Number of protein chains: 2
Amino acid sequence: MDTMTQKKYEARAAVMKALAHPTRLYMVEELQKGAQCVCKLQELIGADMSTVSKHLSVLKSAGLVYDKKEGTTVYYFLKMPCVSEFISCVDTVIQRNATEQLEVARCCIKGAQQL
Amino acid sequence: MDTMTQKKYEARAAVMKALAHPTRLYMVEELQKGAQCVCKLQELIGADMSTVSKHLSVLKSAGLVYDKKEGTTVYYFLKMPCVSEFISCVDTVIQRNATEQLEVARCCIKGAQQL
DNA sequence: TTCTTATTTGGCAATTTAGCAAAATAATCA
DNA sequence: TGATTATTTTGCTAAATTGCCAAATAAGAA
């Protein structure tokens, strides 16, 4: 694999990594509805303010959000027009996995037919 | 955030995590072209066989691939119909980031206009 | 200027992840 | 059966990630 190709996968992985956390996925979905300040996100998430801020900076480094300061308040905006389809894809995988699991249970585990 | 909602984001993050590695993204893209045995993937990737095997098991645990044994050879198959769009979305983000960076350079850094 | 509010940064411990090497499995072949 | 090939598992160490706390910044209000 040449260097260019390697760089390509590293770049993709960097974006994926930024999204690979429950809290950050939640943030992304909230921000899809509209911009929010850090304080509001903290309220929704319920973690330490510094934790929320750090998660936002991870998303920002990956270029998934940008921020805008108004007074002392910082608003974060999502810049990922394809989020919906993106998340739908992930949900499709999850749903298929669940379905498969269920089928295995139904046919192979006694007492699971009625599930 | 209720438990159900939390579970949802954790499930999504688990899938994302499985994809958040250059090697695994490469594997996914190779498998999109068609099933491959571990040996072939190792050859393409050039890492230790055990490393390749472990990456594949991560993808498998996330339900992104399944495997089929033929003799001593194990073939891996991708089961993620939406991969293409998924990766396109990531690439879109990367490209926009690159474009923005370039614009910043052009307008704000002396000697960068000709880029 | 000092106080207050909103946010970011630095430090640190706990957990997770990555990748190699060696040992364990599994299936086929001689 | 013993040898061979393909793959997985285990053990280990190094590196990265997470989240809280405390300290540092930044902007506006008193």
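Letters go in sequence order (proteins before strands), and every chain restarts at 1. Treat the numbers as computed from the prediction; the structure is a model and nothing was measured.
- Residues I45(A) and M1(B) are not in side-chain contact: their nearest non-hydrogen atoms beyond the backbone lie 4.5 Å or more apart.
- Between K17(B) and K40(A), the residue whose closest nucleotide on DNA chain C is further toward the 5' end is K40(A).
- A straight line from CD of Q42(A) to C1' of dG19(D) spans 13 Å, rounded to a whole angstrom.
- Taking the ring centroids of F86(A) and F86(B), they lie under the 6.0 Å cut-off.
- Remark: P of dT17(D) and CG of L25(A) are 16 Å apart, rounded to the nearest angstrom.
- The nearest whole Å value for the distance from the CG atom in L59(A) to the P atom in dT18(D) is 11 Å.
- With distances taken from any side-chain atom of M49(A) to the nucleotides dC20(C), dA18(C), dT7(C), the minimum falls on dT7(C).
- What separates OH of Y75(B) from C1' of dT8(D) is a distance of 17 Å, to the nearest Å.
- Of the listed nucleotides (dA27(C), dT7(C), dC20(D)), dT7(C) has the atom at the smallest distance from the side chain of C37(A).
- Picking from dG19(C), dT7(C), dC21(D) the nucleotide with the shortest atom distance to the side chain of H21(B) gives dG19(C).
- Separating the CG atom of L56(A) from the P atom of dT7(C) is a distance of 10 Å, rounded to the nearest angstrom.
- In this structure, the NZ atom of K69(B) is 11 Å from the C1' atom of dT28(C), given to the nearest Å.
- When the side-chain nitrogen and oxygen atoms of H55(B) are compared with OP1 and OP2 of dG19(C), one or more of them lie within a distance under 4.0 Å.
- For S50(B) against dA21(C), a side-chain N or O and a base N or O form a donor-acceptor pair under 3.5 Å.
- When each of dT18(D), dT7(D), dC20(D) is scored by its nearest atom to the side-chain atoms of V74(B), the top-ranked nucleotide is dT7(D).
- Between T72(A) and T23(A), the one whose closest nucleotide on DNA chain D sits nearer the 5' end is T23(A).
- A donor-acceptor contact under 3.5 Å is formed by the side chain of K54(A) with the base of dG11(C).
- Around atom CD of Q95(B), no more than 12 heavy atoms belonging to other residues, nucleotides or ligands sit under 6.0 Å away.
- Rounded to whole angstrom, the span from the CD1 atom of I45(A) across to the P atom of dC20(D) amounts to 11 Å.
- We find that CG of D48(B) is positioned 14 Å from C1' of dG11(D), with the value rounded to whole Å.
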**Item:** Test side-chain hydrogen bond (donor to acceptor under 3.5 Å, both in side chains) applied to E29(A) and Y9(B), step by step
**Value:** CA-CA 10 Å; E29(A) 207 160 53; Y9(B) 291 105; 2.2 Å; yes

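- For the pair Q36(B) and L31(B), the tightest heavy-atom approach, listed with the atom from each and the gap, is N-CD2, 3.7 Å.
- Within the 4.0 angstrom heavy-atom criterion, only backbone atoms of the sugar-phosphate kind lie near Y76(B); the bases stay farther away.
- Within the nucleic acid shown, T73(B) comes within 4.0 Å of sugar-phosphate atoms alone, with no base atom in reach, counting heavy atoms only.
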